[in-house]
Amino acid sequence: MKTSYDLIYDVVMRIPRGKVATYGLVANLAGNRRWARVVGYALHVNPKPGVIPCHRVVNRFGGLARAFAFGGVNMQRTLLEEEGVAFRPDGTVDLEKHLWTGD
DNA sequence: TTAATGACCTATC
DNA sequence: CGATAGGCCATTA
């Protein structure tokens with residue numbers, strides 16, 4: 001079944017390795033910035049694990065979601081570090097350096 | 001079909 | 001500057 005989520009998934013999958021995007025940004029690229037909530041919902045259901053790099057999606061603060069439960073926040077930090085993403089002392093991603101604006 | 005929920009963001013007090 | 005409320009959209013029950 002095809003839904004608006006596919007749009008969001010497509011954008012999220014477009015995120016290049018070593019970069020991250022915010023929910024609002026993904027929503028914006030998906031078509032509308034108001035989809036920010038829908039984006040979170042889409043990743044929440046995460047119907048295609050392994051195909052959708054949810055760890056590359058962060059909130060506008062650069063921090064991970066509160067209920068990040070696909071493996072643990074700890075895991076996400078590791079994954080991003082493996083991709084070359086720099087983390088701040090506060091544990092947030094440096095959006096100024098790794099924020100994917102849609103290329 | 002209506003009502004309720006959600007990994008958000010922006011604006012206002 | 002810090003905290004609170006609201007809004008918007010789609011999905012699920």
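Values below: all heavy atoms of this structure, side chains included; hydrogens, waters and symmetry mates excluded. Convention: sequence-line order gives letters A, B, ...; per-chain numbering from 1.
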* Check if the side chain of A:Arg37 and the base of C:dG7 share a donor-acceptor pair of N or O atoms closer than 3.5 Å. => yes
* Asked: Given atom CG of A:Leu29 and atom C1' of B:dC9, what is their separation to the nearest angstrom?
  -> 15 Å
* In whole angstrom, give the distance that lies between atom CG of A:Asn46 and atom P of B:dG6. => 18 Å
* Report the distance from atom CH2 of A:Trp35 to atom C1' of C:dA10, rounded to the nearest whole Å. => 8 Å
* To do: Using a cut-off of strictly less than 4.0 Å, decide whether A:Ser4 has a side-chain nitrogen or oxygen near OP1 or OP2 of C:dC9.
  => no
* Would you mind telling me which of A:Lys19, A:His98, A:Arg56 makes a side-chain hydrogen bond (donor to acceptor under 3.5 Å, both in side chains) with A:Glu83? => A:Arg56
* A:Tyr41 (side chain) and C:dA10 (base): donor-acceptor pair under 3.5 Å -> no
* Asked: Whole-Å distance between B:dA7 P and A:Met75 CE?
  -> 20 Å
* Asked: What is the distance from CG of A:Leu43 to C1' of C:dA10, rounded to the nearest Å?
  -> 14 Å
* Please tell me which of the listed nucleotides, B:dC8, B:dA7, B:dT10, lies nearest to the side chain of A:Ala36? => B:dC8
* If you check every side-chain atom of A:Thr22, which of B:dT10, B:dG6, B:dC9 has the closest atom? -> B:dC9
* To do: State, with a plain yes or no, whether a side-chain heavy atom of A:Phe61 is found less than 4.5 Å away from one of A:Leu95.
  => no
* Structure fact -> Rounded to whole Å, the CG-P distance (A:Leu7 to C:dT11) equals 11 Å
* **Which nucleotide in C:dC8, B:dC9, B:dA7 has an atom nearest any side-chain atom of A:Asn59** => B:dC9
* In whole Å, what is the span from the CD1 atom of A:Ile8 to the P atom of C:dC8? -> 18 Å
